[in-house]
Number of protein chains: 2
Amino acid sequence: MRSCVVSGEAAPFAAEGILQGDCLEILRRMPSASVDLVFADPPYNLQLGGELLRPNNTRVDGVDHAWDRFADFATYDRFSRAWLAECRRILKPNGALWVIGTYHNIFRLGTALQDLGFWLMNDVIWLKTNPMPNFKGTRFTNAHETLIWAARDEKARPTFNYDSMKAFNDDLQMRSDWLIPICSGPERLRDDGGRKAHPTQKPEALLARVLMATTKPGDLVLDPFFGTGTTGAVAKLLRRRFIGIERDPDYVAAASARIAAIEPCDAKAAALITSKRAEPRVPFGMVLERGMLRPGDVLFDAKAEIRAQVMADASLMWNGTRGSIHSVGAKAQGRGACNGWTFWHFEQPKDGLAPIDLLRMEVRKTMGMRAAA
Amino acid sequence: MRSCVVSGEAAPFAAEGILQGDCLEILRRMPSASVDLVFADPPYNLQLGGELLRPNNTRVDGVDHAWDRFADFATYDRFSRAWLAECRRILKPNGALWVIGTYHNIFRLGTALQDLGFWLMNDVIWLKTNPMPNFKGTRFTNAHETLIWAARDEKARPTFNYDSMKAFNDDLQMRSDWLIPICSGPERLRDDGGRKAHPTQKPEALLARVLMATTKPGDLVLDPFFGTGTTGAVAKLLRRRFIGIERDPDYVAAASARIAAIEPCDAKAAALITSKRAEPRVPFGMVLERGMLRPGDVLFDAKAEIRAQVMADASLMWNGTRGSIHSVGAKAQGRGACNGWTFWHFEQPKDGLAPIDLLRMEVRKTMGMRAAA
DNA sequence: CCACCGTATGAATCAGCCC
DNA sequence: GGGGCTGATTCATACGGTG
């Protein structure tokens, strides 16, 4: 067990900074009731099959590392409950824990938390602006990950900076869905060969929101699966202290160099979490869902010369061809492209034809506000 | 156990429509491998403490009905695993199940699904445009619920209408996050006193997306916690058959009246968009048989850098190797796989190169009627 | 220097049929 | 049930090269 103290602030015990070694072994040596917050990004137990090819026949670089392989659910559960129980012991009475995962593992983690006596505060959805598509067309695009925020127990009163979150979100309460891009571009750590240094590096914006919401400056944050140190980098930036545990010496080295380059800075911290609001996209299907049109209704072009029928799946049927409002509009005009929103019109009860874009504007009015990254 | 058949279509066994009685008792009497899809909105086990007051001291009408109270997690788990196991038995081999919940219960349900042998396809996030705010300012606004879509087992190939979902979403893959308003306004069922008839009525838009995505017209859908019958209402509208189980006679009465008033949408509009996968297979030899190409003709890649000759048996000859359009295309590119229909091009008399897929489409046009989806 | 285009890539339980 | 063949399938973003 090696310790390299990164933070310059007073430490309540010697081990602060990055600790290289086995997560469980190190956790067991840590003192009880000493940490304010745990953020954990454990192995997801993805259980990938063979290789996956994109439509252009290139290979997807999936996560098939040894650290993500478990014999079965029971093995994964034993591992999860062991480190979660240690974290609970290490947390201060009003401490809290975050854990992140996908449908492969998050249900098992949530169940374990409840069984161990944690008290769930929220589940939070990280909506990815740019997820990897589903290449084979077999499922919904897996466009989110789930975080669980849990207090040490039912009686705990964990930190929640309600007003900071509200200010961050343009004076609206912060919701449980967070729209944040995946980690890429210059933020993504790369090795000498230009390959990604870690397969699952999390975006700093995600950690920033977690730490801004549920810690105070000077708080001690523990990350038992430190990886390349996003938690440490953001903690240092936002003037929180941290302990990171990581088994792989290469990851430790990458994290150490990364964090050393961070300058704690209020201005930068504020810049990092600036709120923006994106105008949400409205697919045509939503117009049907709101009951503004019904399956079987007829749409027209502006001159009412072209007619198409609305199908239950929000596709259009015109002259034997079927597709989206855009593709059918293009075909009906003999063109390569078409904006279906302005091309197609619906019959209003009194006022004659109107473009379906009117309906889209109605939907937007009722869509409420979502915080964007 | 009382049965009122609502659907007019042929039923595979007597019990179709709404069944009043205990969920587990009725499930145990249902035949195995008889249902295409289960949609379940079980009790959430909300564990509300006392009453919750808004800032203006009005009381929040929370869910504190007897059916939502369980002694502890173990009791809730026993109940969950019992009805889930019965549903799994009742599902056809390629059947699937949806379940909806919040952080109070969804982790336990997901764990139970995995332990019982279900195979998770996606978790889907229902993002509410208009969630109830967090009145105390102690947590994030709980702005979503979680649905799990699970196949009966790992080998099952459940229905997924990929192309319908894509058309619905303006030609982009449907993602795992769905933005849909909560059920309110005229859609919300109310009793004679104007109070909401059911505390957790789901929006029809949510069910419509579930049924459009994962069932075909005529499929049989089972809802073991029918409530006021949103599943049945949408199933009837979209021309799916349904079985709903509900214990409370008042809910049964409300659901029955509600569904009776539904007019199924136009049958043609309910049909699914045809996917390429469902098109009949056309062997390349048929293109030769129709005289669209002749033995000896030359095919090219799009850039006319690779040339292959068409043999009389519809194999291709390229650079000494011979095989199908697919295998030769793969070899010519040095790749493991290739779709010969889109890779190989033929010389048109006037318009230059065109993919041989054009010829396949010509053949399909002459192949007569296909079975409707 | 900017516009445009081609290429690379991200926590992925990613095909279906016939022999 | 396994092996082999047919042939269906991607969105947002970053980056580098070219004009």
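Throughout, protein chains are lettered first and strands after them, A, B, ... in sequence-line order, and every chain is numbered starting at 1.
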- Query: When you list every nucleotide of DNA chain D with an atom under 4.0 Å from a heavy atom of chain B, which one comes first 5' to 3', and which comes last?
  - Reply: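 Answer, 5' to 3': D:dT6 to D:dA12.
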- Query: 5'-most contact on DNA chain D: A:Pro186 or B:Tyr162, nearest heavy atom basis?
  - Reply: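 That would be B:Tyr162.
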- Task: Assign each of A:Thr141 and B:Val282 to its nearest nucleotide of DNA chain D by heavy atoms, then name whichever residue's nucleotide is nearer the 5' end.
- Result: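 Nearest nucleotide further toward 5': that of B:Val282.
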- Message: Going by the glycosidic torsion and a 90 degree boundary from 0, is the base of D:dT9 oriented syn or anti?
- Response: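 In terms of base orientation relative to the sugar, D:dT9 is anti.
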For [X], which contact category applies under a 4.0 Å heavy-atom criterion: base, sugar-phosphate, or nothing?
X	value
A:Gly185	sugar-phosphate
B:Arg360	sugar-phosphate
A:Thr102	nothing
A:Asp41	base
B:Leu120	base
A:Pro42	base
A:Asp68	base

Nearest-Å distance once atom [atom1] is located in both [N] and [M]:
N	M	atom1	result
D:dT6	C:dT13	P	29 Å
D:dC5	C:dA12	P	30 Å
D:dG1	C:dG16	C1'	15 Å
C:dC18	D:dA8	P	15 Å
C:dA11	D:dC15	C1'	23 Å
C:dC19	D:dG7	P	14 Å

What's the [atom1]-[atom2] distance between [X] and [N], to the nearest Å?
X	N	atom1	atom2	answer
A:His65	C:dA12	NE2	P	12 Å
A:Glu145	C:dT13	CD	C1'	14 Å
B:Asn122	C:dT13	CG	P	8 Å
B:Met121	C:dT13	CE	C1'	10 Å
B:Gln173	C:dA12	CD	C1'	12 Å
A:Tyr103	C:dA12	OH	P	10 Å
A:Leu109	C:dA11	CG	P	18 Å
B:Trp149	C:dT13	CH2	P	12 Å

For the backbone of [Y] and the side chain of [X], can you confirm whether one donor and one acceptor N or O come within less than 3.5 Å of each other?
X	Y	answer
A:Thr102	A:Glu145	no
B:Arg157	B:Asn94	no
B:Asn122	B:Val124	no
B:Arg108	A:Gly110	no
B:Asp170	A:His326	no

- Item | Minimum side-chain heavy-atom gap B:Gln173-B:Met165 below 4.5 Å |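 They are not in side-chain contact.
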Supply the atom-to-atom distance [X] [atom1] to [Y] [atom2], rounded to the nearest 0.5 angstrom.
X	Y	atom1	atom2	value
B:Leu272	B:Met212	CG	CE	5.5 Å
A:Asp77	B:Gln114	CG	CD	8.5 Å
A:Ser176	A:Leu147	OG	CG	11.0 Å
A:Tyr76	A:Asp68	OH	CG	8.0 Å

- Query: Is it true that B:Asp357 and B:Arg360 have a side-chain N and a carboxylate O under 4.0 angstrom from each other?
  - Reply: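 Answer for the salt bridge query: yes.
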- Message: What I want to find out is whether B:Glu362 reaches B:Lys365 closely enough, with some N-O distance under 4.0 Å, to be called a salt bridge.
- Response: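 Salt bridge: yes.
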- Message: On the side chain of A:Lys202, is there an atom forming a donor-acceptor pair with the base of C:dA11 - under 3.5 Å, no angle test?
- Response: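 Answer yes: a donor N or O sits under 3.5 Å from an acceptor.
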Which atom pairs link the protein and nucleotides 14-19 of chain C when you take only N or O atoms and keep those under 3.5 Å?
unit_1: C:dC14; atom_1: O4'; unit_2: A:Thr138; atom_2: OG1; d: 3.0
unit_1: C:dC14; atom_1: O2; unit_2: A:Asn134; atom_2: OD1; d: 3.3
unit_1: C:dC14; atom_1: O2; unit_2: A:Phe135; atom_2: N; d: 3.1
unit_1: C:dC14; atom_1: O2; unit_2: A:Lys136; atom_2: N; d: 2.5
unit_1: C:dC14; atom_1: N3; unit_2: A:Phe135; atom_2: N; d: 3.1
unit_1: C:dG16; atom_1: OP2; unit_2: B:Arg157; atom_2: NE; d: 2.8

- Task: Sort by first number and list every stem of DNA chain C: at least 3 consecutive Watson-Crick or G-U wobble pairs, both distances under 3.5 Å.
- Result: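 In DNA chain C, stems of three or more pairs: C:2-10 with D:11-19, C:15-19 with D:2-6.
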- Donor + acceptor pair across side chains of B:Asp177, B:His144 (<3.5 Å):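 No.
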- So, is the end of the A:Arg209 side chain (NZ or CZ) under 6.0 Å from the ring centre of A:Trp178 and within 45° of the ring's axis?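 The answer is yes, since A:Arg209 meets both limits relative to A:Trp178.
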- Message: Quick check: on DNA chain C, is the nucleotide nearest A:His104 upstream (toward 5') of the one nearest A:Cys183, or the reverse? Name the residue that is more 5'.
- Response: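 Result of the comparison: A:Cys183.
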